[in-house]
Asker: 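One structure is given below, represented as structure tokens, and several questions about it will come after.
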Amino acid sequence: MPYRGMRVREYSADDVVDIYKVRAFMEGMAANIAAKNITAEELVGFRTLAIQVEEHLAPEDLANTVN
């Protein structure tokens with residue numbers, strides 16, 4: 001390694017597909033565990049947040065966030 005600098009790892013298309021498969025599996029497992037352990041109070045909080053997000057999904061709201 002000349003100059004002992006940083007190296008950027010190159011990934012093939014197959015590597016990227018594999019990475020996303022692993023990530024999807026792990027996120028699914030995490031969601032499953034979270035769903036089994038969520039409290040009623042936390043669920044209400046998430047529902048409230050989901051409603052707030054939906055209220056701000058209008059195109060004009062999204063346009064304002066870009067600036």
Asker: Show the nearest heavy-atom pair for residues Gln52 and His56, with the distance to one decimal.
Answerer: O-ND1, 2.7 Å
Asker: Could you check whether Arg9 makes a cation-pi contact with Tyr11, meaning its NZ or CZ is under 6.0 Å from the centre of the six-membered ring and within 45° of the ring axis?
Answerer: yes
Asker: Main chain of Ile33, side chain of Asn37: is a donor-acceptor contact present, judged purely on distance under 3.5 Å?
Answerer: yes
Asker: Are Met26 and Met29 linked, directly or through intermediate hydrophobic residues, by side-chain heavy-atom contacts shorter than 4.5 Å (ILVMFWY only)?
Answerer: yes
Asker: Identify which one of Val44, Thr39, Leu43 satisfies the side chain to side chain contact (heavy atoms under 4.5 Å, CB included) criterion when paired with Glu41.
Answerer: Thr39
